[in-house]
2 protein chains.
Amino acid sequence: MKKNRLSVEEYIQGVIDRDRVILSRAITLIESTLPSDQKIAEKVMEGILPHSGKSIRIGITGVPGVGKSTFIESFGKLLVEKGHQLAVLAIDPSSQKSHGSILGDKTRMESLAADKRAYIRPSPAGSALGGVSAKTRESMLLCEAAGYDVVLIETVGVGQSEIAVKGMVDFFLLLMLAGAGDELQGIKKGIIEMCDALIINKADGENVEAAKRAKREYANALHLFPAKENGWYPKVKVSSAIAKTGLEEIWGMIEEFKGKMLFNGFFEENRQDQRINWMHDHIRFLLESRFYQDELIKGKIDQVLPLIKSGQQSAIAKARELVDLFVLNQIGRGS
Amino acid sequence: MKKNRLSVEEYIQGVIDRDRVILSRAITLIESTLPSDQKIAEKVMEGILPHSGKSIRIGITGVPGVGKSTFIESFGKLLVEKGHQLAVLAIDPSSQKSHGSILGDKTRMESLAADKRAYIRPSPAGSALGGVSAKTRESMLLCEAAGYDVVLIETVGVGQSEIAVKGMVDFFLLLMLAGAGDELQGIKKGIIEMCDALIINKADGENVEAAKRAKREYANALHLFPAKENGWYPKVKVSSAIAKTGLEEIWGMIEEFKGKMLFNGFFEENRQDQRINWMHDHIRFLLESRFYQDELIKGKIDQVLPLIKSGQQSAIAKARELVDLFVLNQIGRGS
């Protein structure tokens, strides 16, 4: 019976009732690319929307090897022990070639995954980033409706996924290693500019001194950037997921951030901007879906592809012809 | 009279006649966001298309500080002295905040810029990456039609721009520094996977030994990646733009690559794939342009934005309503 679809109402009620199985099925539903599923998914999202929004949304990024999983496991344990309900979503569009380093390793975050107070869900690596981020955003709202009050969104990417995640979280953490490069060498400026805090991870054993030194260097480097519009100065912290140091301080910083942003109005302003961007992302998704699912267009694309491939015809001219045809075809149907 | 528009014919003829002033004006035209300019631009592109395609297209990336400008200047000098006509295009969508580190420094590549055999053109940093990359692709074709037989596309980005550039070049170079990180630390795996060669730059003076060591390390690390579909194994080279070492070898490698790819058919296959992607990019661009330029949609968006912002209404539901309305409005016009 597992394959039977639930009704829209059953999905909504199940999520609100904090049924983990139904939450997982709802996320699977919204990740589906079937048009029939997408229509149901949209109604489910409508239904859960009034129940969403009450979590603090935290993005976490860092290069492979920086220790994100271990950090999330230790940090997550701290949060659930403080009484929070924690959802962890992971997106990984970076490695289309090797098909997802995040998802491959099922043994990651084992102890957190076994904890009833935490919910861990990987998002599939997709070729269309817009799609992936839209689904992650909806997964986040579903988790919120299911009562999770802290949502961590983890990403490893080539920059694109960080931009997508930045567009859906309240607070953005960048994990780094001491000694992994001279000052900011190797970390893209754009990512540094995005982050609200920089964590020097693996500050344990022989690394402690190097981490402290790195903290000073990064703090100096961050001074080179202008203050953020919201009045927040990105902070640098050290932590060790193994020695379990720095984690309380990081959570304290996030609470401080939230307090300040609620006070100066930027918490809501940021979320408002994110909702607007979400609409634009979805408009793009719908326009492209309608276009490529149009039967006439499908046939025409098959015809023109060889001409474009060979360079006999211009890609831009054919694109315009196809879009004109699409619009005319919609007219033809309507009249 | 400078502001007077040229006719489509004048643009095409000027470009084909290798008139640098008209080439620059043609690039400015295609970068314009005015719909009237875009229509002319499309016709100009149609006209120059049969004259394009005859260059070797080389992408160059690397983090800030790696010495890209100096490398391009020295490498460019070598190429023009070999009798090549060189065009350098720079795109920098990474720093929307600080408005373009590439473009800010007018003194970059001074001696190359003064050389009649080279043409240097920065692309504006834009918020819509698709737009930027489409314009860069068209600028590249214009340069080819104007007789430039080597096109270098330089990028500094947060990953997005590298993906865009990879999608329009034949060969992709990643510049790195020795000692800038333990093995591949700090460089995103996705970018390494994309590159056809890795150059350890600034291999001069005290750095020579470190560069040689780094070369061995990177060569070992690259062995961890599977062979590319085209049969090319990414190579590691050392170079110094100041001591002018390694540049001949790098050009030799690119010529070797081109020869092999022409022989095994992947040169043309790659370009065919790129043309197809270009069509899809342009379809997206046109769909979105039509949507957002629709007068009815403009009015409706103004109405719904406050409701979306406040979270009273769902961004996805409103997106669907707007797209439905757009299609109906097109029908209304046609009947």
Side-chain angles (χ1 to χ4, degrees), chain A residues 42 45-46 49 53 63-65 94-95 97 101 138 157-160 162-163 177 179-182 185-191 193 226 271-272 275-276 278-279 282-284 286-288 290-291 304-305 308-311 314-320 322-323 327-328 330-335, chain B residues 42 45-46 49 53 63-65 94-95 97 101 138 157-160 162-163 177 179-182 185-191 193 271-272 275-276 278-280 282-288 290-291 305 308-311 314-320 322-323 327-328 330-335:
Chain A
E42 217 171 83
M45 290 309 299
E46 284 293 285
L49 194 70
V63 295
S94 69
S95 196
K97 215 166 172 179
S101 52
E138 294 180 16
V158 291
Q160 277 189 302
E162 279 82 4
I163 293 168
L177 293 178
D182 301 1
Q185 182 63 46
I187 296 289
K188 308 285 183 169
K189 186 163 171 279
I191 304 225
E193 282 179 356
R271 288 206 169 176
Q272 286 180 357
R275 288 184 197 113
I276 299 292
W278 190 17
M279 185 185 74
H282 202 63
I283 284 169
R284 167 183 291 182
L286 290 172
L287 287 172
E288 288 193 291
R290 293 218 180 180
F291 180 83
V304 303
L305 277 188
I308 302 289
K309 261 190 155 173
S310 64
S314 152
I316 41 173
K318 279 293 157 194
R320 183 176 287 277
L322 287 167
V323 171
V327 172
L328 276 169
Q330 299 287 335
I331 293 169
R333 278 193 203 156
S335 60
Chain B
E42 216 170 84
M45 290 309 299
E46 283 294 284
L49 195 70
V63 296
S94 68
S95 196
K97 215 166 171 179
S101 53
E138 294 180 16
V158 292
Q160 278 188 301
E162 279 82 3
I163 293 169
L177 293 178
D182 300 1
Q185 183 63 45
I187 296 289
K188 309 284 185 169
K189 186 161 172 282
I191 302 218
E193 281 180 356
R271 288 205 169 176
Q272 287 180 355
R275 289 185 197 112
I276 299 292
W278 190 18
M279 184 186 73
H280 291 304
H282 203 63
I283 284 169
R284 167 183 292 182
F285 172 76
L286 289 172
L287 287 171
E288 289 194 291
R290 293 220 179 178
F291 180 83
L305 277 188
I308 302 290
K309 260 190 156 173
S310 64
S314 152
I316 41 174
K318 279 293 159 196
R320 184 176 286 277
L322 287 167
V323 171
V327 172
L328 276 169
Q330 299 287 335
I331 292 168
R333 276 192 203 158
S335 61

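Reminder, nothing fancy here: chain letters follow the sequence lines and each chain counts from 1. Everything numeric in this text was worked out from a predicted model, so none of it was measured.
Distance check, rounded to the nearest 0.5 Å: CD1 of B/Ile276 to NZ of A/Lys318 gives 12.5 Å. Between the CZ atom in A/Arg275 and the OG atom in B/Ser314 there is a gap of 11.0 Å [rounded to 0.5 Å].
Counting only heavy atoms from C-beta outward, the side chains of B/Glu138 and A/Ile316 approach each other to under 4.5 Å. Annotation: side chain of A/Leu322 is in contact with side chain of B/Met279 (closest heavy-atom distance under 4.5 Å).
Across B/Ala319 and A/Ile283, no two heavy atoms sit closer than the pair CB-CG1, 3.7 Å.
Under the rule for a side-chain hydrogen bond (donor to acceptor under 3.5 Å, both in side chains), A/Lys309 has no partner lying at least two apart in sequence or in another chain.
Ranking B/Leu305, B/Leu49, B/Leu287 against chain A, the residue ahead of the rest is B/Leu287, based on heavy-atom pairs under 4.5 Å.
The contact between B/Arg290 and chain A is made entirely by side chain atoms (from C-beta outward), counting heavy-atom distances below 4.5 Å. For B/Glu288, the parts lying under 4.5 angstrom from a heavy atom of chain A are both the backbone and the side chain.
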